[in-house]
Number of protein chains: 2
Amino acid sequence: MSEYPPFAVTVDLVVLTIRADGLAVLLIRRGVPPYEDAPALPGGFVRVDEDLPRAAERELAEETGLTGAAAHLEQLGTYGTPDRDPRGRVVTVAYLALLPDLPAPVAGTDAAGAEWLPVARARNLAFDHDRILADGLERARAKLEYTPLATAFCPPEFTVAQLRTVYETVWETRLDPRNFHRKVTGTPGFLVPAGRATEGERGRPAQVFRRGPATALHPPIIRPTPDR
Amino acid sequence: MSEYPPFAVTVDLVVLTIRADGLAVLLIRRGVPPYEDAPALPGGFVRVDEDLPRAAERELAEETGLTGAAAHLEQLGTYGTPDRDPRGRVVTVAYLALLPDLPAPVAGTDAAGAEWLPVARARNLAFDHDRILADGLERARAKLEYTPLATAFCPPEFTVAQLRTVYETVWETRLDPRNFHRKVTGTPGFLVPAGRATEGERGRPAQVFRRGPATALHPPIIRPTPDR
DNA sequence: ACAAAAGTGTTTTCCATACACCCATGT
DNA sequence: ACATGGGTGTATGGAAAACACTTTTGT
C-alpha cells in the first residue's frame, strides 16, 4: 500500500433546516488558515477506524448536539480536485443533513461558532463549499418530489400545513392547501395519523401525522412548472 | 496534515452496456490477492495530481479503449467502510459509465482480462462490489425516467426502436411501441432528427435521431407499475 | 401478395387543477 | 357573529393508455 499516494479524507456537511425566514444552512466561521474568517460548511477529518456515515454523524453531533437518528443524513457526493485544499491532497465526502427547526437551541455543545444562515445569503464559502452547498440544495429540492424527504424537516408529529410549508419554502412556490392535503394524505405510506388534533391554534384544529413507512412517493408530489 | 490518518483513494467503475442477451456489466478477474481469481469491478488508484473524474476516465480508457467523451460518466457514490479492503484503509469513489454496445471489439487494449457479464449473473464480486453494482443498477434504472440517459446506451445515431429496446432491457418490461414513439418524439429536446432513415431492415424504414440538448425530461418517461 | 416494422388517429380513462363549499375552533 | 384555517366535493381540461388503422419497406 505504501507505494500509493496518501490522501486525507474529510466529511463535510450541508445541514439544512427551515426557519421563520426560510431555508437555512448551518455554517461555521473558520478560525485558522486557509480561508481564515471565511464561512464554511462544518466538517472534519475521518478517523482511522471510522466508517464514513459514522464520521458524518459524529460531526453533526458535534455541531448541533443532535444524538443519532434525529436527522436525515445521506451521502451527497465526493469532491477531490487536487488543488481544492492548499494544505495537500484532501478528498471530502459531503453529506446532506435535514433537520426540523430545533425548539431547543443547541444548549451546551461545541456549536459555539456555528450559525444558521438563509441559503440565499450563504456566499463565498471556503474551499469548494459554494458548489457543495449548491449541489445539496439541488438534491433536496429534487428529492422532495419523489421521496418522503420533506418529513425530515418536520418534528416527529406534524400537520399537513407544516408539511406544506416545507415544500413551499424549499421550492419557493405557493401550493394550493386543499389539493396538497388530498395529495399527501392520498399517497400510500407517506403519512400515518397520530390520532390526535392540534389545540389552541387559530381556526379549525388540524389532524396530526407522523412519517409513514414509504421510501418513495407514488404518485410524486409534482413541483409547479415556473420554467423548469 | 501529517497528523491525520492517511487513506488510499481508488476509483471503481460500474460500466454498463446493452448487448443481445441484455444488460451487461464489465468485470475483470483479479490476478492477485486479496480476492484472487474473483470477479471485480475495474478500477485503480487515483494519482497524486489527478482529478477524480479524470481518474475514472483513465480507468475506463484502460479497460475499454474508449477515448474521452464517448461514454456517459457520472459519480455514483463513495464507499469507505474501514474493513472493506484487508490491505488497509481504502476509500473508493465509484463511477457509473454507460456505453453503447461497441461494434469495434476493443482491439489492442489492456482489456485482456475484462469481459462483459449479464448483470443477473454478476454475483460474488470482490470487496463490496456487489453493493456498488446494485447501487449502479438502481441509479441507471431510476435516471432513465427523468433524464435522457438512455441515449448513452445508443450509438450517436439511432432509431426510436433502438431507444425503446434500451428502456425495455434496463427496466425488464415491455413498452407499447406506438405510445413510446409519441412520448419520446414529443418530449422537447430529447431527440433531434438526423434527417435520414434506416435502409435494408425488415419493415418500414425508421427515422434516425441524435441525442437532443435536454438534460431533464418533462414530462418523464414513466416506468410501468409492476409493483413499485 | 404478404409479413414486418414504423408511425398516426381516436377513444377512453384517469388524474391534476381550480374553486365552491362546509367544518371546527378562537376571539 | 365573525375571522381563520382545516378539510371535502365536484367540474373541467389535458395527458396517458389502449388499440384500430395506415404507411413503407423486404421477400
Side-chain angles (χ1 to χ4, degrees), chain A residues 20 144-146 154 157-169 171 173-188 190-210 216-228, chain B residues 20 144-146 154 157-169 171 173-210 214 216-228:
Chain A
L144 287 204
E145 290 203 57
Y146 55 93
C154 296
E157 301 202 328
F158 53 90
T159 67
V160 172
Q162 280 178 275
L163 186 65
R164 179 165 48 84
T165 301
V166 171
Y167 278 92
E168 292 181 335
T169 303
W171 284 348
T173 45
R174 288 279 135 187
L175 300 173
D176 185 298
R178 301 156 299 190
N179 291 333
F180 181 83
H181 184 280
R182 216 193 328 255
K183 246 191 232 180
V184 297
T185 55
T187 298
F190 194 3
L191 303 180
V192 294
R196 63 181 192 88
T198 55
E199 298 174 43
E201 310 279 321
R202 269 183 316 227
R204 173 175 166 179
Q207 279 187 76
V208 174
F209 294 88
R210 294 196 196 88
L217 301 184
H218 303 293
I221 312 298
I222 307 283
R223 174 161 34 169
T225 89
D227 76 283
R228 296 193 61 185
Chain B
L144 287 204
E145 291 201 58
Y146 56 93
C154 296
E157 300 201 328
F158 54 89
T159 66
V160 172
Q162 280 178 273
L163 186 66
R164 179 165 46 82
T165 301
V166 170
Y167 278 92
E168 293 181 335
T169 302
W171 285 349
T173 45
R174 290 278 135 188
L175 299 172
D176 185 298
R178 300 154 301 187
N179 291 333
F180 181 84
H181 184 279
R182 217 191 329 253
K183 245 190 231 177
V184 296
T185 56
T187 298
F190 193 4
L191 304 179
V192 294
R196 63 180 190 89
T198 55
E199 299 173 42
E201 309 279 321
R202 270 182 315 226
R204 172 173 168 180
Q207 278 187 78
V208 173
F209 294 88
R210 294 196 197 87
L217 301 183
H218 302 293
I221 312 297
I222 306 282
R223 174 160 34 168
T225 88
D227 75 283
R228 295 192 65 187

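Quick note: numbers below take in every heavy atom, side chains included, and nothing from hydrogens, waters or symmetry partners. Lettering follows sequence order; numbering is per chain, from 1.
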Pairwise distance NE2(His181(A)) to CG(Leu163(A)) - rounded to 0.5 angstrom: 10.5 Å

Separation of atom CG in Asp176(A) from atom C1' in dC15(C), rounded to whole Å: 15 Å

Distance in angstrom units between Glu168(A) CD and dG5(D) P, rounded: 13 Å

Nearest listed nucleotide, side chain of Asn179(A), among dA20(D), dG7(D), dA18(C): dA18(C)

Closest-nucleotide 5' rank along DNA chain C - winner of Thr185(B) and Pro205(A): Thr185(B)

Donor-acceptor pair present, Arg182(B) side chain and dG9(C) base, under 3.5 Å: yes

dA17(D) OP1/OP2 closer than 4.0 Å to side-chain N/O of Lys183(B): yes

Distance test, side-chain N/O of His181(A) to OP1/OP2 of dG7(D), below 4.0 Å: yes

N/O donor-acceptor pair, side chain Arg202(B) with base dA4(C), under 3.5 angstrom: no

Sugar-phosphate, base or nothing in reach of Pro219(B), heavy atoms under 4.0 Å: sugar-phosphate

Closest listed nucleotide, where the reference is the side chain of Ala206(B) and the choices are dC21(C), dA6(C), dG6(D): dA6(C)

Interatomic distance where CD1 belongs to Ile222(B) and P belongs to dC15(C) [whole Å]: 12 Å

Which residue lies more 5' along DNA chain D, comparing Gln207(A) with Gly203(A) via nearest heavy atoms: Gly203(A)

Heavy-atom closest contact (Trp171(A) atom, Glu145(A) atom, distance): CZ2-CG, 3.4 Å

Whichever of Glu199(B) and Arg204(B) has its nearest DNA chain D nucleotide further upstream toward 5': Arg204(B)

Sugar-phosphate only, base, or nothing, as touched by Ala161(A) at under 4.0 Å among non-hydrogen atoms: sugar-phosphate

Distance, rounded to the nearest Å, where Phe180(A) contributes CZ and dA16(C) contributes P: 13 Å

